[in-house]
Amino acid sequence: MSTPVLVAVGWPYASGSRHVGHLAGAYLPADVFARHQRRVGNEVLMVSGSDVHGTPITVRADAEGVTPQDIVDRYHNEFVAQWAEIGIAWDNYTTTGTPHHARVTQEMFLQQLENGHIDKRTSDQFYDPEADRFLPDRYIEGTCPHCDYAEARGDQCDNCGRTLDATDLVSPRSTISGATPVLRATEHFYFRYSDFTERVAAWLRTRKGWRPHVHNFVLAWAEEDGLLDRAITRDIEWGVELPVDDLGPGKRIYVWYDAVIGYLSASQEWAAQRGDDDRWRLWWENDDARHVYFIGKDNVPFHCLFWPAQLMGAGDLHLPDDVPANQYVTFKGGKASSSRGVGLTIAEGLELFQPDGLRYALAANFPEQADTDISVAEIARRINEELVATWGNLVNRVLSMVHKNHGAQPASDGRTAQDEAVLAAVDASLATAGEQIERVELRNALRTAMDGAQAINAYLNATEPWKLAKSDPERSAVVLATALDGINGVRVALSPFLPFSSAILDDALGAVDGWQRVPVAPGTPIAKPVPLFTKVDVDELLADADPADG
RNA sequence: GGCGACGUAGCUCAGUUGGUGAGAGCGCUCGACUCAUAAUCGAGAGGUCGACAGUUCGAAUCUGUCCGUCGCUACCA
């Protein structure tokens, strides 16, 4: 009955601040899903961490004259503080920079090496003689051979949009030092992803219920192109050390091989931290476990093709059961990007909005089917006209009346069919929202939960307890008790989305276990309520905000 | 260039395998109510479903072309 559920969340890259698009794309949907899973009684392990390796971090460190670890520390600490502020409840949020992660990565590497899935090859790579380092294609600029654009990057020309090979560039130069790069032979380990094309394709064909845009994409990739072998080491000093020394010094494991291993290493780290070293096996060596990966669509190939191949090559570890990747949140039609100043960083979002307000607005706009365009005005609209008006106001009006007229939850003997009907509507919305969250249709689930609130609002307008208080006080008491019982159901449906205001209601009405509506015990004292949410002053907000965010 | 996706009411989006008069939320108009954060409830207006041409008894839903937007293209992760 209790299912072990691994909620695996894409690892934020510790190279800069993350924006609310990342929040809406991965961290928040994962948190909503995990909170629901915990509530229904499943054994949830939600893991992620800061991805600390990769070239952009070392380049940034060089540019600022600090160490890569300084960059990593800065952003990892920022992320950790923000998770607490926005209420992302990890079971383990770690980093890929721990000795533990290095050991797990090395063990997996050795296992795959032993199994024959890793081999050594030599290739020519561009080398910056001045900076004394090998260069990824994107750190080489030159003149585009197609359009003569002078600042084309080695991987792509921003002017004509064509994909390039760095060797195509006319008069190439290093973006790090400006020096002319030279080709130099280098030896690296390759993971033989091609060994797994058939197995991965066959496995993908058995997946049911995946989002079409994810499933179609990776099926076509596996069946038409197949998986290609990729170098999983680099000529860098910043990365997990190799567990074998036969490549010589200056070689490290590359970020995209080790980052996904973080899901496994974080699970093992979690187990060790709670003094139960083998506990992770409940999720990873258990066919009955369920693994759900929350990532952005840019990460789909890594999680649906490469990571499964790595797992297959390492032995018999649990493969992903679903990868409900989200599309992008865009701002004014442009992809959110903190580096280009488009959209809001998480810090900016938290500065402008209450955590539950921001969570509500983003959840209502999760890009589950297609890219979704949002703005500061749209977030404010969702908060003021939906969250505050429908839900916050409902709680406030009912608690106010109960407090003023009774001071405590009244008894509700003698309910009519009308009373039972509104409770049935709440129960139905609670059940439906649960099913939708189970299918990771979180936008729909939020809408369904709000339908429960609207049903109670309609019920109040139909019964008019404020009039009954004078004409028929006993009936008024039953209506108010019924409305409050309804609220106690709706708040369960909303609890995965709104953890902060849910905690306030736990205090006011008593905690509720499970995914169910529980009556508020008659006699429960009801204090004069403080509004759960405050309205956003849109004019002030838009005056302050960058016009580009409006 | 190649591959893929998208373009549905003012805004953000749903629309299973083609089939009774095209939907939701918000906004807007009108009405009701006044307990509540000028909140709530009801009713209504509003769309030739990007354009054109096809397939079909019948298409927002299938095919082709075009226009527009976007993503991926394996060294951004």
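Residue numbers start from 1 in every chain, and the chains themselves are labelled A, B, ... in the order their sequence lines are given, proteins ahead of strands.
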> Expressed in angstrom and rounded to an integer, what is the separation of A:Q327 atom CD from B:U69 atom C1'?
Replying inline: 14 Å

>> The test is side chain to side chain contact (heavy atoms under 4.5 Å, CB included); show your working for A:L446 and A:L494 and say whether it passes.
In response: CA-CA 7 Å; A:L446 182 58; A:L494 287 171; 3.8 Å; yes

> Checking all strands, does A:D225 fall into the base, sugar-phosphate, or nothing category for heavy-atom contacts under 4.0 angstrom?
Replying inline: base

> Side chain of A:Y328: nearest nucleotide among B:A74, B:C72, B:U37?
Replying inline: B:C72

> Rounded to whole angstrom units, what separation is found between the CH2 atom of A:W391 and the P atom of B:A39?
Replying inline: 19 Å

>> From CE of A:M401 over to C1' of B:C33, roughly how many Å is that when rounded to an integer?
In response: 12 Å

>> Can you tell me which residue among A:I176, A:L169, A:I140, A:D128 is in a side-chain contact (heavy atoms from CB on, under 4.5 Å) with A:P181?
In response: A:I140

> Is atom CD of A:E64 surrounded by more than 12 heavy atoms (other residues, nucleotides or ligands) closer than 6.0 Å?
Replying inline: yes

> What interatomic distance, in whole Å, is found between C1' of B:U8 and the corresponding atom of B:G15?
Replying inline: 9 Å

>> Side chain of A:N461 only, heavy atoms from C-beta on: which candidate in B:A74, B:U40, B:C76 is closest?
In response: B:U40

> If you measure from the P atom in B:G18 to the same atom in B:A60, how many Å do you get, rounded?
Replying inline: 13 Å

>> Whether A:K535 contacts B:A38 is assessed here as follows: a side-chain N or O lying under 4.0 Å from the phosphate OP1 or OP2. Is that the case?
In response: no

>> Ignoring hydrogens and geometry beyond distance, is the side chain of A:N393 in donor-acceptor contact with the base of B:U40 at under 3.5 Å?
In response: no

> Rounded to whole angstrom units, what separation is found between the CG atom of A:D537 and the P atom of B:A38?
Replying inline: 14 Å

> With sequence neighbours excluded, what pairs up with A:Y127 under the ring-ring contact (aromatic ring centres under 6.0 Å, His included) test?
Replying inline: A:F134

>> Tell me the interatomic distance from A:I383, atom CD1, to B:A39, atom P, rounded to whole angstroms.
In response: 15 Å

> Taking CE from A:M450 and C1' from B:U40, how many angstroms apart are they, rounded to a whole number?
Replying inline: 13 Å

> Any idea which of B:A36, B:C41, B:U34 is nearest the A:K404 side chain?
Replying inline: B:A36

> With sequence neighbours excluded, what pairs up with A:Y360 under the ring-ring contact (aromatic ring centres under 6.0 Å, His included) test?
Replying inline: none

> Under 4.0 Å between a side-chain N/O of A:K297 and OP1 or OP2 of B:C70, yes or no?
Replying inline: no

> Taking the C1' atom of each, how far is B:U34 from B:C70, in whole Å?
Replying inline: 48 Å

> What nucleotide among B:C35, B:C33, B:A74 has an atom nearest to a side-chain atom of A:E464?
Replying inline: B:C33

>> For the P atoms, the ones on B:U37 and on B:G10, what distance do you get once it is rounded to whole angstrom?
In response: 35 Å

> If we take the P atom in both B:C66 and B:C26, what is their distance in whole Å?
Replying inline: 41 Å

> Can you tell me if A:Y139 and A:R133 form a side-chain donor-acceptor pair at under 3.5 Å?
Replying inline: no

> Could you state the CG-P distance from A:L219 to B:C72, rounded to the nearest angstrom?
Replying inline: 20 Å

> Between A:L460 (CG) and B:C35 (C1'), how many Å, whole number?
Replying inline: 8 Å

>> Any donor-acceptor pair under 3.5 Å linking the side-chain atoms of A:T105 with those of A:D258?
In response: no

> Touch check for A:I236, heavy atoms < 4.0 angstrom, all strands: base, sugar-phosphate only, or nothing?
Replying inline: nothing

>> Which residue in the set A:N299, A:V9, A:V323 passes side-chain contact (heavy atoms from CB on, under 4.5 Å) when paired with A:Y293?
In response: A:V323

> Can you name the side-chain hydrogen bond (donor to acceptor under 3.5 Å, both in side chains) partners of A:R192, sequence neighbours left out?
Replying inline: A:D119, A:D195

> So with a 6.0 Å cut-off around CD of A:E474, is the heavy-atom count from everything else above 12?
Replying inline: no

> If you measure from the P atom in B:A51 to the same atom in B:G4, how many Å do you get, rounded?
Replying inline: 24 Å

> In terms of side-chain heavy atoms, does A:H101 have a donor or acceptor partner in A:T96 at a distance below 3.5 Å?
Replying inline: no

> What is the minimum heavy-atom distance between A:I383 and A:L358, and which atoms define it?
Replying inline: CD1-N, 4.2 Å

Pairs under 3.5 angstrom, nitrogen or oxygen only, protein versus nucleotides 13-16 of chain B, please.
residue : atom : partner : partner atom : Å
B:C13   : OP1  : A:D371  : O            : 3.4
B:C13   : OP1  : A:D373  : N            : 2.4
B:C13   : O2'  : A:R443  : NH2          : 3.2

> If you look at every strand shown and take non-hydrogen atoms under 4.0 Å, does A:W221 touch a base, only sugar-phosphate, or nothing?
Replying inline: base

> With a non-hydrogen cut-off below 4.0 angstrom, is A:V255 in contact with a base, only sugar-phosphate, or nothing?
Replying inline: sugar-phosphate

>> Regarding A:G226, tell me which of base, sugar-phosphate or nothing describes its non-hydrogen contacts under 4.0 Å with the strands shown.
In response: base

> Do A:N365 and A:E378 have side-chain atoms, one donor and one acceptor, less than 3.5 Å apart?
Replying inline: yes

>> At under 4.0 Å between heavy atoms, how does the protein contact nucleotides 24-31 of chain B? Give one character per nucleotide, 5' to 3', with B, S or -.
In response: -BSS----

>> Under 4.0 Å, counting only non-hydrogen atoms across every strand here, what does A:N457 touch: a base, just sugar-phosphate, or nothing?
In response: sugar-phosphate

>> For Watson-Crick and G-U wobble pairs within 3.5 Å on both distances, what is RNA chain B written in dot-bracket notation, | included for inter-strand pairing?
In response: (((((((..((((.....[...)))).(((((.......))))).....(((((..]....))))))))))))....

> Across the strands shown, which category fits A:F302 at heavy-atom distances under 4.0 angstrom: base, sugar-phosphate, nothing?
Replying inline: base

> Taking the six-membered ring for Trp, are A:F306 and A:W221 parallel (under 30°), tilted (30 to 60°) or perpendicular (over 60°)?
Replying inline: perpendicular

>> Under 4.0 Å, counting only non-hydrogen atoms across every strand here, what does A:P531 touch: a base, just sugar-phosphate, or nothing?
In response: base

